[in-house]
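Comments concern the structure below.
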Amino acid sequence: MLERSGPPGPPLRISSCSSWLRGEEEPQRHEEHQGLNREKPKISELLEKDAAQQAAPKNSRKLLVKSYGCQMNVYDSARMSDLLEGEGYSEAAREEDADLVVLNTCHIRERASEKIYSELGRLALMKRERREAGRDLTIVVAGCVAQAEGELVLRRQSAVDLVIGPQSLQRLPQLLRRTEQGERVADTDFAVEEKFAGLPQPTRAQIAARGVSAFVTVQEGCDKFCAFCVVPYTRGAEVSRGVKEIISEARRLALSGVREITLIGQNVNAYRGEDEHGRAASLEDLFERLSAIEGLERLRYTTSHPVDMTQGLIDAHASLPKLAPFLHLPVQSGSDRVLREMNRRHDAAFYLDIVARLRRARPDIALSSDFIVGFPGETDRDFEDTLALIRAVDFASTFSFKYSPRPGTPGAEREDQIDEETKRVRLAALQALVEEQRQAFNAATLGRRLPILFEKPGRHEGQIAGKSPYMQAVHAEGDASLIGRLLEVEIVAAGANSLAGTIVSAMESA
Ligand code: SAM
Ligand code: SF4
């Protein structure tokens with residue numbers, strides 16, 4: 001713990017910010033499937049909890065949570081907003097209105113963490129101006145930069161009041177009270193189980209405001225230690241949440257209008273959570289339970305590691321119609337030598353075999369992946385192997401990055417680093433190839449009828465926008481009452497970044 005430098009400021013104020021927050025919607029009602037053992041939400045239980053949370057003291061503090069990086073941070077940001085709203089804080093639409101700004105940070109690449117320090121520089125200036133005007137701004141750094149750098153953040157930027165790691169979020173209110181007394185605090189303990197038990201469930205209004213698609217964290221941390229990656233150091237060892245807790249969160253989401261759930265984890269398919277009988281449940285066991293929840297129409301999961309892609313999970317793509325025919329399965333490289341040096345624990349043939357088995361189970365499955373170019377020692381030949389794997393798989397979408405050496409990881413220690421220009425040229429070549437594949441995939445949907453989950457109003461009057469099973473953005477003519485519905489849509493145009501369609505009929509499970 002460090003002492004705060006400078007005078008203690010006035011009390012905290014709050015607001016929240018997420019751009020994906022939307023207006024409230026009434027949940028759709030659905031008939032039960034005959035013969036299916038449906039999971040029923042307990043309405044009275046939920047209403048009681050909502051009433052308790054809504055009775056929280058109101059004050060004038062405003063909070064803004066800014067989320068960077070992966071979906072795990074999006075989920076944690078929403079939990080922080082829920083937690084502080086329960087303490088009486090309200091959301092600020094803009095930074096200027098906020099009395100408390102939380103940066104929920106990403107440390108995965110150098111550029112991501114440096115961006116945080118430039119944001120902090122800007123906020124420090126705002127804080128100084130505020131103080132001159134007799135008002136304060138409390139600055140909190142959360143997420144992976146907080147976990148990786150701890151007290152160093154307080155030393156690098158004196159305007160920061162609190163540094164809080166991703167596993168300590170449940171302690172946010174108490175820690176904020178300490179900053180109000182003038183303390184500057186860094187809390188980066190690893191206590192994942194305590195985290196989930198200590199975080200409040202969002203109210204129905206909070207869920208509804210976030211839209212019809214929601215994330216649910218089922219697993220945190222990673223034991224894989226890929227040679228390029230900071231995650232095992234920032235998020236700790238793999239821990240899975242219990243089945244009962246996840247199902248209760250999913251039921252609550254469904255009851256509040258959520259139609260699509262994405263199960264998330266740094267290594268989500270390594271999920272092994274305890275069920276009600278004390279047995280270790282797998283991800284496919286979870287999907288079977290989630291499939292029976294009334295109102296949930298579509299299920300997804302991310303991010304998976306190839307070595308944890310079991311036959312049981314592959315088979316779930318064949319047997320569970322609600323499981324979307326789309327999988328993000330990062331491979332990073334197509335060179336066996338680079339994969340070995342990255343410590344990925346599999347070779348290219350292993351990955352191609354998973355793809356073949358997935359396509360046998362669910363012929364229309366679309367694949368997405370992550371690639372890193374310019375890992376230390378990567379030769380032109382290695383890079384050609386990566387392009388060959390991309391050609392062999394034919395991806396619907398991809399994310400690709402130049403290798404960024406991260407302090408403390410084995411890759412960063414190597415002397416055979418690849419120069420920036422080579423990385424740039426390889427990234428451009430890779431991206432040209434995957435872009436061709438993405439456009440071809442989009443064009444191939446022309447004339448097809450796809451189930452589209454409508455999520456929000458479209459850009460133009462009279463339009464609504466949603467997602468295809470393959471994560472493509474789709475818009476169609478329709479009014480806002482169709483938001484939250486899963487509708488059959490005929491695709492009539494395929495643009496560079498979105499598809500246009502005509503609504504044909506409703507598709508929800510009867
Ligand atoms: N758990 C996932 C997996 O097994 O691939 C990846 C999670 S990581 C948060 C997301 C992606 O960031 C990785 O798949 C990788 O492509 C990229 N990444 C991670 N470390 C990187 C680094 N040091 N430089 C460039 N890209 C990196
Ligand atoms: Fe990072 Fe994913 Fe490798 Fe874990 S499996 S170390 S999260 S890239």
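Only a predicted model underlies this, so the values are computations on that prediction, with no experimental measurement involved. Whatever order the structure lists them in is the order used to number ligands and atoms, beginning at 1.
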| task | Indicate yes or no: does Glu249 engage Arg252 in a salt bridge with an N to O separation below 4.0 Å. | result | no

| remark: Nearest heavy atom to atom 21 (C) of ligand 1, choosing from Phe375, Phe371, Phe228, belongs to Phe228

| request: For atom 4 (O) of ligand 1, grab the closest protein heavy atom and report residue, atom and distance to one decimal in Å. | output: Arg344 NH1, 3.2 Å

| said: Checking contacts here: is it the side chain or the backbone of His328 that comes within 4.0 Å of ligand 1, counting heavy atoms only? Could be both or neither. | reply: neither

| request: Could you tell me whether Glu455 and Arg259 make a salt bridge, using a distance below 4.0 angstrom between a side-chain N and a carboxylate O? | output: no

| Is the closest side-chain donor-acceptor distance between Ser213 and Glu260 under 3.5 Å? | yes

| For Asp370 and ligand 1, does the shortest N/O to N/O distance drop below 3.5 Å? | yes

| said: Under 4.0 Å between a side-chain nitrogen and a carboxylate oxygen: does that hold for Arg111 and Glu114? | reply: no

| message | Between ligand 1 and Gln332, is the shortest N or O to N or O distance under 3.5 Å? | response | yes

| Ion pair check, Arg122 and Glu95, cut-off under 4.0 Å | yes

| task | Mark yes or no: Arg109 above the aromatic ring of Phe401, with NZ or CZ under 6.0 Å from the six-membered ring centre and no more than 45 degrees from the axis. | result | yes

| message | Between ligand 1 and Thr303, can you find any atom pair, the residue atom being a heavy atom, that is separated by under 4.0 Å? | response | yes

| task | List every atom of ligand 2 that sits less than 4.0 Å from any heavy atom of His305, numbering the atoms from 1 in the order shown and giving each element. | result | 5 (S)

| query | With no hydrogens and no angle check, do the side chains of Asp382 and Ser335 hold a donor and an acceptor under 3.5 Å apart? | reply | yes

| query | Can you tell which of Arg345, Gln332, Glu238, Arg344 gets a heavy atom nearest to atom 2 (Fe) of ligand 2? | reply | Arg344

| said: Taking Asp82 first and then Arg210, would you say they form a salt bridge - that is, a charged N and a carboxylate O separated by under 4.0 Å? | reply: yes

| request: Measure the distance from atom 22 (C) of ligand 1 to every protein heavy atom, then report the residue, atom name and distance (to 0.1 Å) of the closest one. | output: Ser404 O, 3.6 Å

| message | With nothing but distance in play, are any N or O atoms of Gln266 less than 3.5 Å from an N or O of ligand 1? | response | yes

| For Tyr117, is the NZ or CZ atom of Arg156 found under 6.0 angstrom from the centre of its six-membered ring and inside 45 degrees of the ring axis? | yes

| Any salt bridge between Glu378 and Arg337, counting N to O under 4.0 Å? | no

| task | Answer yes or no: is there an ion pair linking Asp347 with Arg340, defined by an N-O contact shorter than 4.0 Å? | result | no

| field | Per-atom contacts of ligand 1 with His305, taking only distances under 4.0 Å to non-hydrogen atoms | value | 4 (O)

| field | Nearest-neighbour protein heavy atom for atom 18 (N) of ligand 1, which is reported as residue plus atom name and distance | value | Arg109 NH1, 3.3 Å

| request: Would you verify that at least one protein heavy atom lies under 4.0 Å from atom 2 (C) of ligand 1, or report that none does? | output: yes

| task | Go through ligand 1 atom by atom and flag the ones less than 4.0 Å from a non-hydrogen atom of Lys402. | result | 24 (N), 25 (C)

| Does the side chain of Tyr403 come under 3.5 Å of the side chain of Gln417 through a donor N or O and an acceptor N or O? | no

| field | Subset of ligand 1 atoms that lie under 4.0 Å from at least one heavy atom of Ile108 | value | 8 (S), 9 (C), 12 (O), 18 (N), 19 (C), 20 (N), 21 (C), 22 (C), 23 (N)

| said: If the threshold is 4.0 Å, N to carboxylate O, is there a salt bridge linking Arg235 and Glu220? | reply: yes

| In terms of atom number and element, which parts of ligand 1 are under 4.0 angstrom from non-hydrogen atoms of Arg406? | 23 (N)

| Closer than 4.0 angstrom: is that true for some heavy atom of Lys224 and an atom of ligand 1? | no

| field | Quiz item: cation-pi between Arg381 and Phe383, 6.0 Å / 45° | value | no

| Polar protein atoms (N, O or S) that approach atom 1 (Fe) of ligand 2 to under 2.8 Å | Cys229 SG

| task | Flag Tyr403 as yes when one of its N or O atoms lies below 3.5 Å from any N or O atom of ligand 1, and as no otherwise. | result | no

| field | Ionic contact status for Glu420 with Lys402, cut-off 4.0 Å | value | yes

